[in-house]
Amino acid sequence: MGYNVCKRGERMPVQRNECPAEIVLSILSGRWKIPIYRYLYNNEKPIRYSELLRHLPSISKKMLTEQLRELECDGIIERESYPEPRPRVEYTLTLSGRSMIVFLDQMSDWGEKNILPKIKEIRQ
């Protein structure tokens, strides 16, 4: 088994024969990654940590920090830190992160067509 090393030096185990779809799905796995991604995508300007926390009121600070670090490590978002008297941190999508919207929208369309009707049928 090999390891991927992200910017922060964390080591994450990786299977050697993973297909690209598995890698993408593992990058996006996590309860909060898609909501974080969508919020960053819908805002062209950099978003501060505190704004993300307000937008996702059910998430804990620890979980938000963890999910942001993973997205940064995977190259989906960029983190900019400003050493000011009151330090601030802003997040934006990378170019490759921004390009993910195409297949995320396709996955949403597929889910609406193939999954939601079955869920509605079961709940009736």
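In what follows, residues are counted from 1 in the order of the sequence shown.
The closest side-chain heavy-atom distance from Leu28 to Tyr37 is not below 4.5 Å. You'll find the side chain of Glu51 reaches within 4.5 Å of the side chain of Lys45, heavy atoms only. Put simply, the side chain of Met63 reaches to within 4.5 Å of the side chain of Ser60, judged on heavy atoms. Here the side chains of Leu40 and Thr92 are not in contact, with every heavy-atom distance at 4.5 Å or above. Within the 4.5 Å cutoff, no side-chain heavy atoms of Glu78 are placed close to those of Glu72. With a 4.5 Å cut-off on side-chain heavy atoms, Arg79 and Leu68 do not count as touching. You'll find the side chain of Leu64 reaches within 4.5 Å of the side chain of Tyr49, heavy atoms only.
Residue Lys61 holds its NZ atom at 10.0 Å from OG of Ser50, rounded to the nearest 0.5 Å. To the nearest 0.5 angstrom, Ile27 atom CD1 is 10.5 Å from Glu70 atom CD. Of the inter-residue distances, the one linking Ile36 atom CD1 with Ile47 atom CD1 reads 12.0 Å to the nearest 0.5 angstrom. One finds the CG atom of Leu56 at 8.5 Å from the CZ atom of Arg31 (value rounded to the nearest 0.5 Å).
In this structure, a donor-acceptor pair under 3.5 Å is present between the side chains of Glu90 and Tyr82.
Salt bridge Lys62/Glu66: absent, no basic N to carboxylate O contact under 4.0 Å.
Lys33 places no side-chain N or O within 3.5 Å of a backbone atom of Leu71 that could act as its donor or acceptor partner.
For residues 50-79, every residue pair satisfying the ring pair (Phe, Tyr, Trp, His ring centres under 6.0 Å) rule, not counting sequence neighbours, is listed here: Tyr39-His55.
Pairing each heavy atom of Arg38 with each of Asp105, the nearest pair is NH1-OD1, 3.1 Å. Minimum interatomic distance between Ser26 and Ser29 (heavy atoms only, all atoms of both residues): O-OG, 2.9 Å.
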Cut-off 3.5 Å, no hydrogens considered: what does the side-chain donor-acceptor table look like for residues 110-121, sequence neighbours left out?
{"residue": "Asn114", "atom": "ND2", "partner": "Trp110", "partner atom": "O", "Å": "3.1"}

In residues 96-104, what donor-acceptor pairs under 3.5 Å come from side-chain atoms, sequence neighbours left out?
{"residue": "Ser96", "atom": "OG", "partner": "Gly75", "partner atom": "O", "Å": "3.4"}
{"residue": "Ser96", "atom": "OG", "partner": "Thr94", "partner atom": "OG1", "Å": "3.3"}
{"residue": "Ser99", "atom": "OG", "partner": "Ser96", "partner atom": "O", "Å": "2.6"}

